[in-house]
Amino acid sequence: MLVVMKAQATAEEIQAVCDHIVQLGFRPHPLPGAQRTAIGITGNQGEVNRGNLESLSGVAEVIRVSKAYKLASRDVREEDTVIRFSNGASIGGRDLAVIAGPCSIESREQAFAIAEQVAAAGAQFFRGGAYKPRTSPYAFQGLGLEGLKILSEVREKFGMRIVTEALDTETLDLVAEWADVIQIGARNMQNFSLLRKAGRLRKPVLIKRGMSATLEEFLMAAEYVMSEGNYEVILCERGVRTFSDHARNTLDLSIVPALKHVSHLPILVDPSHGTGRRDSVLPMARAGIAAGADGLIVEVHNHPEVAVSDGPQSLYPAQFATMMNEIEQIAPIVGRNLARGVAASVAVKE
Ligand code: PEP
Ligand code: MN
């Protein structure tokens, strides 16, 4: 159910409706919009008696949200969600967000060398795994806390905000302490206890699409986080499994407009995991922006031939600079703008 408040409803009226919902034994989710506030109701098994709610002061109407996902739906919030960061960057607005960095944090030297170059090219967010989901238990699993500390030094030095993965509920709080955006990986998209716990934090959560997740399953993962009161959710298309044997995954760009149609949440595209091939990353990055994505998450490495993970799909820093210049030109065609960080060099070297 969704309570739509009148445009001129006061803060007191909104609070009174929320209190009433709590009294009924449900959970209110007030989501302010440009025109009016809508209050999502969760926790109800069946129909909420709408009569009482409709008679409360300031209420315009009470509507049933028919889709399985509610808080993630555009029915609840008409305008796009924009997540703002203290360095002036944002995800979901007119400005495109670019998250760049290595697959794994390998050492302080490696992280700093890559950070310097992606910051110079204008990245406002730095990525890198400290806890890695690896297919083999014998493969490099990440530097753990040491990796998180390196990431935080990168934030201090280059001003980029940090995106890093939380692999499990045990380490989630630690990751949340050091990161600006908590990444939940494709393999964990339906780890419901992890999603719920991330929903109790007050930090943006980036959810990568599961390898065979439908649009509805993807949005239900977001719904798990939002149902706990954390509305700062970012979606990321990173490719799905198909019969295709020319790429690691099939980057399903058609989900971008489909998601935009039904949800207000930002959607990023990951052309690195989406293709697995360095030579495909730039074309699919261009295509992702052209398709209407709110930004990109891209793997970049200064020595990809010796990277401990995902070297074959990592761009060289110069290729990343080229990518930034190209998407900057595509952006205005789709009504967007490429925002570059403060650390960006005046003359971007390629
Ligand atoms: C990653 O971003 O390095 C990663 C492991 O991504 P995914 O969960 O999409 O495989
Ligand atoms: Mn990777």
Side-chain angles (χ1 to χ4, degrees), residues 91 97-106 110-111 114 118 123 125-137 139-144 147-148 151 161-168 171-172 175 179-191 194-195 198 204-213 217-218 221-222 225 233-242 247-253 255-256 267-278 280-281 284-285 288 293 295-316 320:
I91 302 181
V98 178
I99 305 170
C103 180
S104 302
I105 298 301
E106 299 169 21
Q110 172 246 21
I114 299 166
V118 297
F125 298 88
F126 188 71
R127 64 147 292 148
Y131 296 92
K132 294 303 302 176
R134 304 305 301 278
T135 303
S136 164
F140 176 70
Q141 304 286 309
L143 294 181
L148 295 176
L151 285 165
R161 300 298 97 159
I162 301 302
V163 182
T164 195
E165 180 164 352
L167 207 53
D168 46 41
T171 50
L172 175 63
V175 170
D180 298 298
V181 177
I182 301 152
Q183 179 174 326
I184 298 206
R187 293 155 191 81
N188 267 324
M189 192 209 81
Q190 287 190 315
N191 181 338
L194 181 61
L195 293 167
V205 178
L206 183 154
I207 307 176
K208 300 191 89 177
R209 182 183 181 186
M211 295 192 196
S212 62
E217 287 164 345
F218 195 9
V225 175
V233 176
I234 303 149
L235 303 169
C236 177
E237 161 60 29
R238 48 78 73 205
V240 291
R241 283 256 165 102
T242 68
R248 179 176 178 184
N249 290 296
T250 296
L251 192 64
D252 178 18
L253 289 181
I255 202 168
V256 173
I267 167 86
L268 303 183
V269 163
D270 174 350
S272 308
H273 295 87
T275 64
R277 300 168 49 138
R278 183 175 307 119
S280 296
V281 172
M284 297 315 280
L296 302 168
I297 177 165
V298 184
E299 288 184 340
V300 180
H301 202 290
N302 52 344
H303 297 295
E305 56 293 343
V306 293
V308 298
S309 59
D310 288 348
Q313 68 193 32
S314 299
L315 293 181
Y316 286 96
F320 176 70

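Please read all numbers here as calculations on a predicted model, not as lab measurements. We number each residue from 1, following the sequence as shown. Atoms within each ligand, like the ligands themselves, are counted from 1 in listed order.
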Quiz prompt | Nearest-neighbour protein heavy atom for atom 5 (C) of ligand 1, which is reported as residue plus atom name and distance | solution = Pro133 CG, 3.8 Å
Quiz item: Judged by non-hydrogen atoms, does Arg209 sit under 4.0 Å from ligand 1?
Solution: no
Quiz item: Among the N, O or S atoms that Asp310 has, which is closest to the Mn ion (ligand 2)?
Solution: OD2
Quiz item: If the Mn ion (ligand 2) is the vertex, what is the angle to NE2 of His273 and SG of Cys103, rounded to 10 degrees?
Solution: 170°
Practice problem: Using a strict cut-off of 4.0 Å, indicate which atoms of ligand 1 neighbour a heavy atom of Gly185. | Solution: 8 (O)
Quiz item: So is Met211 in contact with ligand 1, going by heavy-atom distances below 4.0 Å?
Solution: no
Quiz item: If you measure every N/O of Ala186 against every N/O of ligand 1, is any gap under 3.5 Å?
Solution: yes
Quiz prompt | Exercise: identify the closest heavy-atom pair between Asn188 and Leu167 | solution = ND2-O, 2.9 Å
Quiz item: Nearest heavy atom to atom 10 (O) of ligand 1: which of Glu237, Arg238, His273 does it belong to?
Solution: Arg238
Self-check item: Residues Glu106 and His301: side-chain donor-acceptor under 3.5 angstrom
Solution: yes
Quiz item: Hey, is Glu299 close enough to Arg127 for a salt bridge, meaning N to O under 4.0 Å?
Solution: yes
Quiz item: With respect to Ile105, which candidate in Thr164, Ile114, Leu151, Leu148 satisfies the side-chain contact (heavy atoms from CB on, under 4.5 Å) definition?
Solution: Leu151
Quiz item: Are the side chain of Gln190 and the backbone of Ala213 linked by a donor-acceptor contact shorter than 3.5 Å?
Solution: no
Quiz item: For ligand 1, which atoms, with element, lie under 4.0 Å from some heavy atom of Glu299?
Solution: 3 (O)
Quiz prompt | Short N-O contact, Asp310 and Lys132, less than 4.0 angstrom | solution = no
Quiz item: Considering distance alone, does some N or O of Glu165 sit under 3.5 Å from an N or O of ligand 1?
Solution: no
Exercise. Give the residue and atom name of whichever protein heavy atom lies nearest to atom 6 (O) of ligand 1, and the separation in Å to one decimal.
Key: Lys208 NZ, 3.0 Å
Quiz item: Can you check whether Lys132 has an N/O within less than 3.5 Å of an N/O in ligand 1?
Solution: yes
Quiz prompt | Donor-acceptor pair, side chain of Asn249 and main chain of Leu251, under 3.5 angstrom | solution = no
Quiz item: To the nearest 0.5 Å, what is the distance between CZ (Arg278) and OG (Ser314)?
Solution: 6.5 Å
Quiz item: Looking at ligand 1, does any of its N/O atoms fall within less than 3.5 Å of an N/O of Gln183?
Solution: yes
Quiz item: Going through the distances and angles, do Met284 and Leu253 end up as a side-chain contact (heavy atoms from CB on, under 4.5 Å)?
Solution: CA-CA 9 Å; Met284 297 315 280; Leu253 289 181; 3.9 Å; yes
Quiz item: Would you say Cys103 contacts ligand 1, with heavy atoms under 4.0 Å as the rule?
Solution: yes
Quiz item: Among the N, O or S atoms that Glu299 has, which is closest to the Mn ion (ligand 2)?
Solution: OE2
Quiz prompt | Thr250 and Thr242 side chains, donor-acceptor separation under 3.5 Å | solution = yes
